[in-house]
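One structure below.
The figures here come from the full heavy-atom set of this structure, side chains too, leaving out hydrogens, waters and symmetry mates. All figures in this text were calculated on a predicted structure; none of them were measured in a lab. Residues: numbered from 1 along the sequence shown.
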Amino acid sequence: MEREVIAALLVVGLLVGCGVGSAYARARRGWADYRTARNTVPGARRAAFGLIRAVTTKVGVIALLLVGAVAYAAGSDDDRAGPAPGPSATPTATHGARAGR
């Protein structure tokens, strides 16, 4: 009888020990991952701000070029502009009348 109780206690102890050991290993692995992530955040933050700064600069340059192109296209051409064409003095053929008859 004592043997069966000792064997059952041993099996229960092994199961509990395996559960506690795996939980401890997960906790240590999680803590190590947390420390690694905490140490990489400042570098990642600097890299992200650098990328945002580069994109913002490119967008600003493109916007300035577009504004300049629109301003150039809308600029006054008074010195090159001639008089507007007027109505023609020659009559044109209509659908009802044939030309030359």
*Could you state the interatomic distance from CZ (Arg45) to OG1 (Thr40), rounded to the nearest 0.5 Å?*
10.5 Å

*Indicate, with yes or no, if Val67 and Val59 share a hydrophobic cluster defined by side-chain heavy-atom contacts under 4.5 Å among Ile, Leu, Val, Met, Phe, Trp and Tyr.*
no

*Roughly how far apart are Leu14 CG and Leu9 CG, rounded to 0.5 Å?*
11.0 Å

*Between atom OG1 of Thr56 and atom CG of Leu51, what is the distance when rounded to the nearest 0.5 Å?*
10.5 Å

*Once you round to the nearest 0.5 Å, how far does CH2 of Trp31 lie from OG1 of Thr36?*
11.0 Å

*Does CZ belonging to Arg28 count more than 12 external heavy atoms closer than 6.0 Å?*
no

